[in-house]
Amino acid sequence: MVSLVVVAVFLLWGTVFLPPQAGGFKITYPDASLSHQEITEAAILLKTAEVCRDIAKAQGKDFTLPMNNKLTADTVQKACSISNSDLSTLVNFRLTIFLICSYNRAVDRKQFSDAHHFDNEAFSSGRDLITQGITNVKVSLKEGNYISAQKSLGTVTHTLQDFYSHSNWIELGYTDPYSTLIKANEPLSNIAGSKTVTCKSCVNDNCTDNILSEVLQQKTLTSGYFSLDPRYNKPAGKCSHGGTLDFTSYKDPTGGINKDDVKSEHGFLHLKAANVAINATMELLEDIRKAAGETAFLRLMGLSRTIMLVFVIDITGSMSNDIAEIKKVSISMIDNRKGTSEEPTDYMLITFDDTGVQQTRISDIDKFKEKINSLSASGGGDLPGMCLSGLLMALTRAPPSSDIFVFTDGSAKDTELKSTVGAMIESTESIVTFLLPTSISSRGERVSDSQNSSSSLMTQSELQLYRDLAHVSGGQTLEVTNTTLSEASTAITDTFTSGQVTVFQVSRSAGNAGNFSFLLDSSLSNVTVYITGDSTVFTIYSPTGVSQSYSMIDGSLGSIQTVGNLKKIKLKSDNTTGEWGISVNSTSSYTMKVIGQSSVDILFNFVEMSLGGHGDSWGQIFTRPSIGQNATLSLSLSGGELATVTDVLLVDASGSSVVNGTVTLVGGTDYLVSLNRIPEGEFGLLLKGLLNSSLSSSRFQRQSSIYHKGSRIALTVDTQTTTIPGVSFSFNFTVATNTTAGNYTIRARTSNGFTVTVPSSLNVATGGSVQGTGTLTVPSNTESGTDVTLIVEAEAPGSTDLNYATVRLTASATSIKFSGLQSFSMFLSLIGLFVSLLL
Ligand SMILES: *[C@@H]1O[C@H](CO)[C@@H](O)[C@H](O)[C@H]1NC(C)=O
Ligand SMILES: *[C@@H]1O[C@H](CO)[C@@H](O)[C@H](O)[C@H]1NC(C)=O
Ligand SMILES: *[C@@H]1O[C@H](CO)[C@@H](O)[C@H](O)[C@H]1NC(C)=O
Ligand SMILES: *[C@@H]1O[C@H](CO)[C@@H](O)[C@H](O)[C@H]1NC(C)=O
Ligand SMILES: *[C@@H]1O[C@H](CO)[C@@H](O)[C@H](O)[C@H]1NC(C)=O
Ligand SMILES: *[C@@H]1O[C@H](CO)[C@@H](O)[C@H](O)[C@H]1NC(C)=O
Ligand SMILES: *[C@@H]1O[C@H](CO)[C@@H](O)[C@H](O)[C@H]1NC(C)=O
Ligand SMILES: *[C@@H]1O[C@H](CO)[C@@H](O)[C@H](O)[C@H]1NC(C)=O
Ligand SMILES: *[C@@H]1O[C@H](CO)[C@@H](O)[C@H](O)[C@H]1NC(C)=O
Ligand SMILES: *[C@@H]1O[C@H](CO)[C@@H](O)[C@H](O)[C@H]1NC(C)=O
Ligand SMILES: *[C@@H]1O[C@H](CO)[C@@H](O)[C@H](O)[C@H]1NC(C)=O
Ligand SMILES: *[C@@H]1O[C@H](CO)[C@@H](O)[C@H](O)[C@H]1NC(C)=O
């Protein structure tokens with residue numbers, strides 16, 4: 001029988017890589033070369049398929065990959081979940097591969113040491129980086145910190161893969177990986193001495209024979225020297241990396257030996273090197289799998305994930321009439337998800353009153369339900385509570401993309417946190433739903449409705465705060481009575497079924513009627529329209545011209561349920577494909593959202609492009625983009641093998657298109673989108689494309705569920721990425737602004753509640769930039785591998801603008817030695833020098 005690996009390699013070669021054998025160890029995909037991304041992806045797909053096959057075999061089950069199909073994230077995920085029912089169906093293997101590859105890419109943007117790229121014969125320090133990186137992955141896995149582990153894995157694979165391009169391993173005739181690189185204790189042998197001459201100049205740009213024959217005969221290991229600095233002199237007789245950016249390659253011996261892509265000096269060996277790099281990456285993955293076990297390995301790959309359900313509950317005295325119902329509703333939400341692919345692996349309860357906030361995190365479902373049942377509402381009377389502090393704690397402590405439900409009947413006391421909470425929602429992409437057991441006067445006066453609900457007092461504007469925050473996250477604000485709370489929570493439970501996608505959403509102010517249209521495609525099922533707002537009136541139109549008004553509870557297009565301020569329209573399943581219309585009006589501000597289930601969804605991130613020594617690259621940015629400036633998005637279509645993206649638009653909350661992006665396919669289902677400017681105010685992403693099936697092709701659309709914002713403040717945080725427990729360290733950050741001059745409020749916190757100190761304000765001039773220094777202390781009892789997210793914020797005077805920057809750090813008991821690490825600013829100044837030399 002043919003082994004799985006051989007078959008899979010064949011499939012990969014036959015489909016994924018031919019055509020368009022793109023990108024090299026190069027990051028982009030300009031020619032017939034393999035990129036770091038493709039190497040990493042191929043290794044992950046092959047190794048994951050192997051792990052799933054072994055699990056299936058051990059359980060006496062069949063494991064089959066679709067033979068006539070491509071080996072892709074989707075086909076491997078499908079094969080794994082068929083043979084292993086424990087694997088959640090709502091997982092994002094594709095997203096995980098994307099994240100690991102972005103961390104791999106980031107090495108070219110952020111890490112300029114020889115060791116990170118095996119340049120300048122830095123074999124020993126390069127190997128140290130690899131073995132330390134592997135240890136970090138294992139430690140993080142042991143602690144259950146999958147995001148940290150993915151980051152360490154991405155980083156370490158880059159260095160490992162660079163060895164095969166930048167050293168002469170392939171030229172020495174080896175076809176297997178150099179296993180010593182992933183083992184800390186084995187000696188590295190046959191390394192060229194610092195005085196050993198290794199290369200001669202290339203002949204008229206022909207570098208076929210530039211490595212000295214004695215080096216080849218004695219199997220001496222060397223690597224190319226590299227420098228962006230024309231003043232740098234490499235040691236006599238050493239090989240260069242090569243390429244136009246490498247100034248050492250113009251000096252004797254000229255030329256280079258890198259195999260980054262097919263056009264490199266040793267491009268004739270590119271595919272050989274890339275193939276050995278795939279096997280080397282698989283060997284590293286096998287080492288991790290052996291140490292961590294198969295379950296942890298699959299979690300690392302995103303084939304099952306941490307799902308956290310978070311409740312933020314107001315326990316001030318005014319909630320006493322509602323608390324019984326809230327307990328019932330929360331417990332039924334917990335029970336509803338039990339046994340489904342959406343069953344949480346962790347729960348968090350945050351309670352607040354008018355004086356403070358408390359947090360409990362529990363994995364055991366029964367213990368958590370007990371905790372909920374023990375709640376009582378007696379704190380602090382009817383005063384406004386610390387609602388936003390509670391929500392902020394939830395956002396910083398829960399993993400990204402968590403579901404957060406906030407129950408409160410009163411206004412927030414800590415409204416000054418609004419912009420911070422909004423920024424945290426953006427950076428975590430968590431969905432926040434407010435359940436407000438209250439009634440309010442539509443004229444905006446305070447109303448006590450103790451006769452039918454609670455004794456809460458909330459005005460329209462106080463309520464608007466919650467509506468605004470829910471809106472930014474793509475969540476909803478349900479204003480209900482204590483008797484309809486349970487019905488309301490059931491009505492929105494569908495929002496959390498697996499494979500749920502957002503097709504369209506808008507939000508408008510009171511009386512601002514709108515006619516909207518959206519496309520439903522054949523991949524969608526269970527399409528539901530949610531409208532929130534008081535006294536909303538609407539009419540919905542099908543593609544075939546049939547209409548149904550809000551008063552028709554069971555009409556030809558769908559059934560309409562009303563709870564509190566929510567209207568839910570469940571569309572019938574026949575003939576839904578095509579362009580739908582809906583006209584809506586309301587006496588208060590309203591939101592409209594169309595969701596459905598589909599395997600075709602979008603993932604996107606703002607990225608920063610950079611010119612690096614080893615090719616163009618991009619990496620995710622964890623800060624708001626600059627208003628008025630251009631920006632780039634990296635976008636990935638999941639489940640979208642047959643889909644193509646045609647338009648990517650930025651839309652404002654009211655649904656108007658504000659910026660039309662330029663879309664470039666960079667490989668597979670990944671795109672880069674250039675935006676010529678970031679608009680003022682918040683914006684969502686609306687994507688349009690074509691869905692090709694064997695029978696026909698139809699148009700489709702998706703919208704991001706969260707809204708983003710730009711800023712005129714630029715905030716950059718410059719910090720090491722590992723931290724030693726018990727040792728304080730300083731980091732520098734820079735605040736630059738194009739808006740109001742004055743004292744900018746600075747705030748910083750970590751996801752773990754560790755102590756961070758920063759200056760409380762910095763005085764910044766318009767167009768100027770100021771540097772500040774902060775200090776972070778990770779307590780000495782913090783376990784190695786703990787993931788620490790540092791969030792720094794800068795807010796303009798008068799709260800007119802705010803930007804944030806988030807940085808992920810890993811607590812690691814042993815520090816990594818960096819040899820010859822150049823600082824980023826030095827790198828930039830060299831790039832500047834290079835550019836000025838060209839001009
Ligand atoms: C480069 O040189 C090698 C021998 O040194 C020769 O075989 C090869 O044909 C040359 N290639 C080109 C493109 O001239
Ligand atoms: C990679 O490993 C597989 C399985 O061990 C082997 O069949 C294949 O030839 C190797 N590829 C290279 C380029 O060495
Ligand atoms: C609840 O109070 C509102 C006024 O705040 C009133 O309009 C409504 O009829 C009351 N409902 C019940 C069931 O008493
Ligand atoms: C709803 O609130 C009223 C008082 O306003 C209370 O009498 C009633 O028990 C509450 N209902 C539930 C189901 O908690
Ligand atoms: C929408 O409602 C507002 C007040 O509720 C009303 O003034 C306006 O005329 C309505 N617009 C349309 C188009 O019906
Ligand atoms: C639609 O939703 C129902 C439950 O509301 C579920 O049973 C069904 O499987 C869903 N359909 C699809 C295609 O997922
Ligand atoms: C769906 O469309 C087909 C053809 O357009 C039509 O024959 C059929 O009656 C429609 N079904 C419904 C439920 O509208
Ligand atoms: C963005 O603008 C800068 C200068 O304003 C320009 O150099 C750069 O090429 C632009 N980038 C894109 C992707 O348009
Ligand atoms: C976006 O721009 C492209 C190319 O200029 C154009 O074809 C397309 O119609 C535009 N899309 C929208 C929705 O304006
Ligand atoms: C300020 O404006 C300049 C010129 O338009 C631009 O290069 C810079 O990136 C802007 N800075 C911020 C923080 O938006
Ligand atoms: C912060 O910047 C100053 C100079 O601007 C530099 O001397 C110092 O080393 C930097 N600190 C860190 C932790 O990078
Ligand atoms: C900024 O803060 C400093 C010190 O806190 C103070 O002296 C200065 O007056 C403030 N400037 C403004 C414009 O508020």
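Only heavy atoms go into these numbers, but all of them, side chains included; no hydrogens, no water, no symmetry mates. Here, residue 1 is the first one in the sequence, and each next residue gets the next number. Ligands are counted one by one from 1 in listed order, and the atoms in each one are counted from 1 as well.
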In Val645, Val600, Thr502, the residue satisfying side chain to side chain contact (heavy atoms under 4.5 Å, CB included) with Arg702 is Val600

Pairing residues for Glu265 by the salt bridge (charged side-chain N to carboxylate O under 4.0 Å, His left out) criterion, not counting sequence neighbours:
none

Can you see whether Tyr232 has Lys251 sitting over its ring - NZ or CZ less than 6.0 Å from the centre and within 45° of the normal?
no

For the pair Asp229 and Arg231, find out whether any cationic side-chain nitrogen is under 4.0 Å from an anionic carboxylate oxygen.
yes

Check ligand 1 for close polar pairs with the protein: N or O on both sides, less than 3.5 Å.
residue, atom, partner, partner atom, Å
ligand 1, 2 (O), Asn206, OD1, 3.4
ligand 1, 2 (O), Asn206, ND2, 2.4
ligand 1, 5 (O), Asp209, OD2, 2.7
ligand 1, 11 (N), Asn206, ND2, 2.7
ligand 1, 14 (O), Asn206, ND2, 3.2

If we only count N/O pairs under 3.5 Å, is Thr773 in contact with ligand 11?
no

Nitrogen or oxygen of Asp718 less than 3.5 angstrom from that of ligand 11
no

Using a 4.0 Å cut-off to any heavy atom of Ser730, which atoms of ligand 11 qualify?
13 (C)

Contacts of type ring pair (Phe, Tyr, Trp, His ring centres under 6.0 Å), residue Phe604, not counting sequence neighbours:
His708

Which ligand 9 atoms are under 4.0 Å away from a heavy-atom of Asp647?
1 (C), 8 (C), 10 (C), 11 (N)

Is the closest side-chain donor-acceptor distance between His266 and Asn210 under 3.5 Å?
yes

Assess whether atom NZ of Lys688 is packed by more than 12 heavy atoms of other residues, nucleotides or ligands within 6.0 Å.
no

Check salt bridge (charged side-chain N to carboxylate O under 4.0 Å, His left out) between Arg749 and all other residues, then give those that pass, not counting sequence neighbours.
Glu793

